[in-house]
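Here's the structure, in structure tokens; my notes come after.
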Amino acid sequence: GNSVTQMEGPVTLSEEAFLTINCTYTATGYPSLFWYVQYPGEGLQLLLKATKADDKGSNKGFEATYRKETTSFHLEKGSVQVSDSAVYFCALRAGAGSYQLTFGKGTKLSVIP
Amino acid sequence: EPEVTQTPSHQVTQMGQEVILRCVPISNHLYFYWYRQILGQKVEFLVSFYNNEISEKSEIFDDQFSVERPDGSNFTLKIRSTKLEDSAMYFCASSEETRSYTFGSGTRLTVV
């Protein structure tokens, strides 16, 4: 079946540090890949997505590249801010005919001044 | 920006009681979903709904669960006889098509 594995948290970084949150997946076919973010007290918000191999999704300084050869979709940001403190979820949608998202467990990021 | 609204934000119920979680999807969206997240665990898909019927459901979505779009604006999840293990955060989502969802803020259900 489909699955998503992301690095365990929590992750604590100082402001302006470089962020990487690893995500690998197992899926049949050609999944679409997503990163969602959940700020305290809020719902899941789409951060970025990529729908085919070698696509790079980007938003708000975050980037992730769809790597089919390593089945990975690692999230990166060059310089984190305190306002980036949240829980980050990697997810996949398996492909045509399937509506559901399969999520990783989430990684809590805390950025300290 | 349009939002998916979920009510209540927190519900406490006795084991064995029926509970209805409510969601107001974005008005022009056609696809509706429920997910749940047990504390410390993954966000799990429960069910998707399109054209007034269930289009996909997971193994979790057994006979104790049902969904309904009673009036063209609300989308509800009913749990007939709650169990302790139903305690979780329940997220509603909607989408125009199947690619990008908008999620609500969730309802935290506590079964005691």
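Everything quoted here is computed from the prediction, not taken from an experiment. Every chain is numbered from 1, with letters handed out A, B, ... down the list of sequences.
Under the 6.0 Å cut-off for aromatic ring centres, A/Tyr36 and B/Phe103 qualify, their centroids lying closer than that.
Proximity to chain B is limited to the side chain of A/Gln38, based on heavy atoms less than 4.5 angstrom apart. Only the side chain of B/Gln37 comes within contact range of chain A, judged by heavy atoms closer than 4.5 Å. Heavy-atom distances place the side chain of A/Leu46, and not its backbone, under 4.5 Å from chain B.
Residue B/Gln14 qualifies as open at atom CD: its count of foreign heavy atoms under 6.0 Å is 12 or below. By the neighbour-count criterion of 12 heavy atoms within 6.0 Å, atom CD of A/Glu16 is sparsely surrounded, having that number or fewer from other residues, nucleotides or ligands. Summarising the local packing, NZ of A/Lys68 is surrounded by 12 or fewer heavy atoms from other residues, nucleotides or ligands at distances under 6.0 Å. More than 12 heavy atoms of other shown residues, nucleotides or ligands fall within 6.0 angstrom of atom CD in B/Glu85. For CD of B/Glu3, the number of neighbouring non-hydrogen atoms (other residues, nucleotides, ligands) closer than 6.0 Å is 12 at most. For CG of B/Leu39, the number of neighbouring non-hydrogen atoms (other residues, nucleotides, ligands) closer than 6.0 Å is 12 at most. A/Tyr30 OH: 12 or fewer foreign heavy atoms inside a 6.0 Å radius.
The structure places NZ of B/Lys42 at 8.0 Å from NZ of A/Lys105, a figure rounded to the nearest 0.5 Å. Separating the OG1 atom in A/Thr102 from the CZ atom in B/Phe45 is a distance of 9.0 Å, to the nearest 0.5 Å.
Within the 4.5 Å cutoff, the side chain of B/Val43 has heavy atoms near those of the A/Phe89 side chain.
A distance-only check finds a donor-acceptor pair linking the side chain of B/Tyr35 to the backbone of A/Leu101 [under 3.5 Å].
Of all the heavy atoms in A/Gln100 and B/Tyr101, the pair that sits closest is CA-OH, 3.7 Å.
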